[in-house]
Number of protein chains: 2
Amino acid sequence: MAVRIDDLDRKILREVQRDAGQSLDEIARAVGSSKTPVWNRIRKMREAGVMGTQTVVLDPEALGFDACFFVLIRTSEHDAAWQQRFLEALRARDEVQEAHRLAGDIDYILKVRVPNARAYDQFYQALIAEVRIHNVTALLSMEELKFTTALPV
Amino acid sequence: MAVRIDDLDRKILREVQRDAGQSLDEIARAVGSSKTPVWNRIRKMREAGVMGTQTVVLDPEALGFDACFFVLIRTSEHDAAWQQRFLEALRARDEVQEAHRLAGDIDYILKVRVPNARAYDQFYQALIAEVRIHNVTALLSMEELKFTTALPV
DNA sequence: AGTGAAAATTCTCGTAG
DNA sequence: CTACGAGAATTTTCACT
């Protein structure tokens, strides 16, 4: 699983994370190399799965997604069947942008993006109707201070 | 600020969120239109800021970022000067992928991506050395069940 | 592994329906 | 507002260093 990444690869990753819309020429110039080697490395990293899908980050507010919640979940059920149903429920719901299984006291955290508080409540009601959950705390974001998907490679 | 987005715009956004590397032709075919109208709409949405930067999502594990923490922060200080310093500290640190100011009991939540637990501790020590913080809880992710930046437009 | 150039594809925009 | 198509730019391949 460990892919060998050298310094030039890292520079390329930094550039494409910053702006994946750049031309190969621009990237090559930015990293101090030329088109072909950069192209070969990009292809290799794509095949290795180091570089995943290319996306565009949209402005949530401009599209009417004004509410963002972090949802802390405790459950008493830990059997495989329950986990499977919970996982499927999360994957099926487009509002759920992130879901992590946690170590410790709290079992799961979700990041949920919805148009407004009422839409969150609908999501919440639908979720607890599908799977049994012991305790839920919703943290409402007032302001997104920082957002990036870039890793500090 | 509200931009008028019609059904064709929405289809285009769905496509570019799914894969921004597609050619204009492919997108046009997928949304049932042709190049020129699609291109004009993309340009317009870019200018309006609806579509932000284009990036590549990298595989954290493949690059040695094996630890992801959600950090819940309570503070007793709420004056403007403190907030400013806190904000600058977050922006300056590449480990911090997300930061939100919250409503209610907990004041801030951060998402922090680091190579390992020791790197998290270094981040934590550096942060509390820079700004006064009343109470911190770190939630360690064991497993990323879902991740998407796509909005359900 | 890197260079340079040629071939295939895609972007960008003018013209027209 | 949408479709088509030509010229420009870019991506992708390949022979050579």
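All heavy atoms count here, side chains included; hydrogens, waters and symmetry mates do not. Computed from a predicted structure; not experimentally measured. Throughout, a chain's letter reflects where its sequence line sits, starting with A, and its residues are numbered from 1.
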Worksheet item: Can you list, by residue number, the residues of residues 29-40 of chain A that have a non-hydrogen atom closer than 4.0 angstrom to DNA chain D?
Response: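 Listed by number, they are A/K35, A/T36, A/W39.
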
Can you check the [X] [atom1] to [N] [atom2] distance for me, whole Å?
{"X": "A/I42", "N": "D/dT13", "atom1": "CD1", "atom2": "P", "answer": "13 Å"}
{"X": "A/D25", "N": "D/dA9", "atom1": "CG", "atom2": "P", "answer": "12 Å"}
{"X": "B/Q54", "N": "C/dC11", "atom1": "CD", "atom2": "C1'", "answer": "13 Å"}
{"X": "A/I27", "N": "D/dT12", "atom1": "CD1", "atom2": "C1'", "answer": "14 Å"}
{"X": "B/D9", "N": "D/dC1", "atom1": "CG", "atom2": "C1'", "answer": "12 Å"}
{"X": "B/R43", "N": "D/dT2", "atom1": "CZ", "atom2": "P", "answer": "14 Å"}
{"X": "B/Q22", "N": "C/dT10", "atom1": "CD", "atom2": "C1'", "answer": "14 Å"}
{"X": "A/D7", "N": "C/dA1", "atom1": "CG", "atom2": "C1'", "answer": "16 Å"}

Worksheet item: Taking only residues two or more places apart in sequence or in another chain, which ones pass ring pair (Phe, Tyr, Trp, His ring centres under 6.0 Å) with B/F65?
Response: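 For B/F65 there are no ring pair (Phe, Tyr, Trp, His ring centres under 6.0 Å) partners, ignoring immediate neighbours.
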
Worksheet item: Same cluster for A/L63 and A/F147 if Ile/Leu/Val/Met/Phe/Trp/Tyr side chains link at under 4.5 Å?
Response: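 Different clusters: A/L63 never reaches A/F147 through Ile, Leu, Val, Met, Phe, Trp or Tyr contacts under 4.5 Å.
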
Worksheet item: Is it true that B/D6 and B/R41 make a salt bridge, defined as a side-chain N closer than 4.0 Å to a carboxylate O?
Response: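 So B/D6 pairs with B/R41 through a salt bridge.
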
Practice prompt. Look at A/K11 together with A/E15 and state whether they make a salt bridge at an N to O cut-off of under 4.0 Å.
Written response: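 Result for this pair is no, no salt bridge flagged.
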
Worksheet entry | 4.5 Å side-chain heavy-atom contact, A/L151 and A/Q17 |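 Heavy-atom side-chain distance check passes, below 4.5 Å.
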
Discussion item. Can you confirm whether A/R132 is buried at CZ, in the sense that more than 12 heavy atoms of other residues, nucleotides or ligands lie under 6.0 Å from that atom?
Written reply: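 No, not enclosed.
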
